[in-house]
Amino acid sequence: MAGDIWVYVDQFRGEAHPASWEAFSAAKNLQNELGGEIVGLVFGDQIKGIAEEAVHYGADTVLYADNPTFADFRPEPYAALLAKLAREKQPAVILFPTTTRGREAAAMGAVDLKTGILPDVVALEVTEGTVLATRPVYAGKLLSKAKCATNPQIITLRIRSFAKPEPDTARSGELIEVEPALSEDEIATKVVDYSDTEGGVSLTDAGVVVSGGRGTANNPRLNPPEGLDDKEAEIWRAHQGFKMVSELADVLNGAVGASRAAVDAGYIPYEHQVGQTGKVVTPDLYIACGISGAIQHLAGMRTSKVIVAINKDPDAPIFKLARYGVVGDLFDIVPALTEAFRERLGK
Ligand SMILES: Cc1cc2nc3c(=O)[nH]c(=O)nc-3n(C[C@H](O)[C@H](O)[C@H](O)COP(=O)(O)OP(=O)(O)OC[C@H]3O[C@@H](n4cnc5c(N)ncnc54)[C@H](O)[C@@H]3O)c2cc1C
């Protein structure tokens, strides 16, 4: 029906990204103001179970395409079907989680539909029948409010910025199967291989992130093995620092993040980088260890709910943002914290 609110459920290999469910609580709030139905979109291979789950999270109807052409995430078939359905059914709003795949599908869908896109949104409201989206700009220094002058209004929601609703398995809704817009012959991209780069807990989904910066290499008390040159000794020290950071993250079931200085110096792979040119995270708890708090780092973590900073320098800028600041050497503080949490959590 025209004027509905659509929610794109991002799934990979038959598993929905949890941020997709957060979008249903945003959709519910919009529905209270705009009316219409909440329609879930689930495209994939063997994904009928996810379509049913979407109903539990709040979809009134689900349009699902279950086809091998969706087994790999390739933006063309996903965006083509999204655009085809949107042209036919004229939704008012399409919400996406700001996952890597969600971002790509939203961007390509917006191009195909010749409509605007509001990315990485942290709050939504409705004024005079139009959705007003709040999003951080200029590395999170300002919050802008923007609207999309054309329909459908395509909006991607920052992960962990909207509450995930409790699933209600008693809810019922209509599941409508749709056919892909492209056949395999019409899809140019072929996926030939995958290799896992993230490992462990995904940084953007984690409720707790413990990050290390250049300070992780700064422990003159540690003596590296004989025969290393200065650079190798620095990296060896940093690995000892990041080992402590990882142990703290493990105890808290969290993920390990890093500053760009740590990544550029070769202490840890880029996948862990938080910031303007890395990942944006919004955990409940962010612990920054030996990170000064440059604006480009803050851009990736300033919306964390509670920020704890551990730094030797009492004037480090990170302390201005942190709820709790610990002035001291991370090589003393981090293991002590890990031990305390281990005891407290019985691990
Ligand atoms: C275009 C651009 C994009 C960028 N993108 C990013 C980005 O995405 N993410 C990002 O992080 N940066 C980014 N940067 C880099 C950013 O400007 C900073 O250089 C970087 O964040 C600094 O990292 P750091 O805090 O680890 O290092 P530093 O600034 O060197 O700080 C190290 C901190 O560790 C403390 N310390 C040292 N030893 C110890 C110890 N033993 N115990 C406790 N504390 C200790 C020091 O007091 C200091 O505060 C970008 C820069 C540019 C120009």
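Only a predicted model underlies this, so the values are computations on that prediction, with no experimental measurement involved. In what follows, residues are counted from 1 in the order of the sequence shown. Ligands are counted one by one from 1 in listed order, and the atoms in each one are counted from 1 as well. Keep in mind that the numbers below use all heavy atoms, side chains included, and drop hydrogens, waters and symmetry copies.
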Requested in this report: Not counting sequence neighbours, list each pair that qualifies as a salt bridge (Lys or Arg N to Asp or Glu O under 4.0 Å) and has a residue in residues 49-69.
Outcome: Asp60-Arg171
Query raised in the report: In ligand 1, which numbered atoms sit nearer than 4.0 Å to a non-hydrogen atom of Ser259?
Result: 11 (O), 23 (O), 24 (P), 26 (O)
Query raised in the report: In terms of atom number and element, which parts of ligand 1 are under 4.0 angstrom from non-hydrogen atoms of Gly278?
Result: 8 (O)
Report summary line: Quick note on ligand 1: atoms under 4.0 Å from a heavy atom of Asp329 include exactly 40 (C), 41 (N), 42 (N)
Query raised in the report: How close does the nearest protein non-hydrogen atom get to atom 22 (C) of ligand 1, and which residue and atom is it?
Result: Ala261 CB, 3.8 Å
Query - Contact check, Ala299 vs ligand 1, heavy-atom distance below 4.0 Å - result: no
Query raised in the report: What atoms of ligand 1 come closer than 4.0 angstrom to any heavy atom of Gln276?
Result: 7 (C), 8 (O)
Report task. From the options Tyr78, Phe12, Tyr194, select the one residue that forms a ring-ring contact (aromatic ring centres under 6.0 Å, His included) with Phe73. Result -> Tyr78
Query raised in the report: Counting from 1, what ligand 1 atoms have a heavy atom of Thr277 closer than 4.0 Å?
Result: 3 (C), 4 (C), 5 (N), 6 (C), 7 (C), 8 (O)
Report task. Output the list of atoms in ligand 1 that are nearer than 4.0 Å to some heavy atom of Gly328, sorted by atom number. Result -> 42 (N), 43 (C)
Report summary line: Looking only at heavy atoms, the pair that brings Ala65 and Phe70 closest together is CB-CE1, 3.6 Å
Requested in this report: Would you mind listing which atoms of ligand 1 come within a distance below 4.0 Å of any non-hydrogen atom of Gly275?
Outcome: 7 (C), 8 (O), 9 (N)
Report task. Return yes if a side-chain donor-acceptor contact under 3.5 Å exists between Asn67 and Thr69, otherwise no. Result -> yes
Query raised in the report: Are side-chain N/O atoms of Ser259 and Arg214 paired as donor and acceptor at under 3.5 Å?
Result: no
Query raised in the report: So which of Asn311, Asp264, Asp313 gets nearest to atom 49 (O) of ligand 1, if we judge by its closest heavy atom?
Result: Asn311
Query raised in the report: Considering distance alone, does some N or O of Leu330 sit under 3.5 Å from an N or O of ligand 1?
Result: yes
Query raised in the report: Between Lys28 and Gln31, does any side-chain donor sit less than 3.5 Å from a side-chain acceptor?
Result: yes
Query raised in the report: At what distance is the nearest protein heavy atom to atom 38 (N) of ligand 1, and which residue and atom is it?
Result: Asn218 ND2, 2.9 Å
Requested in this report: Report the nearest protein non-hydrogen atom to atom 36 (N) of ligand 1: residue, atom name, distance rounded to 0.1 Å.
Outcome: Gly215 CA, 3.7 Å
Query raised in the report: Going by distance alone, is a donor N or O of one side chain under 3.5 Å from an acceptor N or O of the other, for Ser161 and Glu22?
Result: no
Query raised in the report: Does atom 19 (O) of ligand 1 have a protein heavy-atom neighbour under 4.0 Å away?
Result: no
Report summary line: For atom 30 (O) of ligand 1, the closest protein heavy atom turns out to be Arg214 NE, 2.6 Å
**Report entry** N-O pairing of Arg135 and Asp120 below 4.0 Å
**Finding:** no
**Report entry** Ala294, portion touching ligand 1 at heavy-atom distance under 4.0 Å
**Finding:** side chain
Report task. List the closest protein heavy-atom neighbour of atom 53 (C) of ligand 1: residue, atom name, distance to the nearest 0.1 Å. Result -> Gln296 NE2, 3.8 Å
Query - atom 1 (C) of ligand 1: nearest protein contact (heavy atom, Å) - result: Arg260 NH1, 4.2 Å
Query raised in the report: Side chains of Gln273 and Thr277: do they bring a donor and an acceptor to under 3.5 Å?
Result: yes
Query raised in the report: With sequence neighbours left out, which residue pairs that include part of residues 248-257 fulfil the salt bridge (Lys or Arg N to Asp or Glu O under 4.0 Å) condition?
Result: none
**Report entry** Taking atom 25 (O) of ligand 1 as the reference point, the nearest protein heavy atom with its distance
**Finding:** Ser292 N, 2.7 Å
Query raised in the report: Using a distance-only test with no angle check, is there a side-chain donor-acceptor pair under 3.5 angstrom linking Thr99 and Asp10?
Result: yes
Report task. State the atoms of ligand 1, each with its element, that fall below the 4.0 Å cut-off from a heavy-atom position in Gly213. Result -> 26 (O)
Query raised in the report: Would one find an N or O of Gly293, backbone or side chain, under 3.5 Å from an N or O of ligand 1?
Result: no
**Report entry** Residue pair Ser20 / Tyr8, side-chain donor-acceptor N/O under 3.5 Å
**Finding:** no
Query raised in the report: Identify the closest protein heavy atom to atom 34 (O) of ligand 1: which residue and atom is it, and at what distance?
Result: Gly290 O, 3.0 Å
Query - Considering all heavy atoms, the nearest Leu124-Val131 contact - result: CD2-CG1, 3.7 Å
Report summary line: If you compare Lys312, Gln273, His297 by their heavy atoms, the one closest to atom 7 (C) of ligand 1 turns out to be Gln273
Report task. Consider ligand 1: state whether an atom of it lies below 4.0 angstrom from any non-hydrogen atom of Val274. Result -> yes
Query raised in the report: Would you call Arg74-Glu184 a salt bridge at under 4.0 Å N-O?
Result: yes
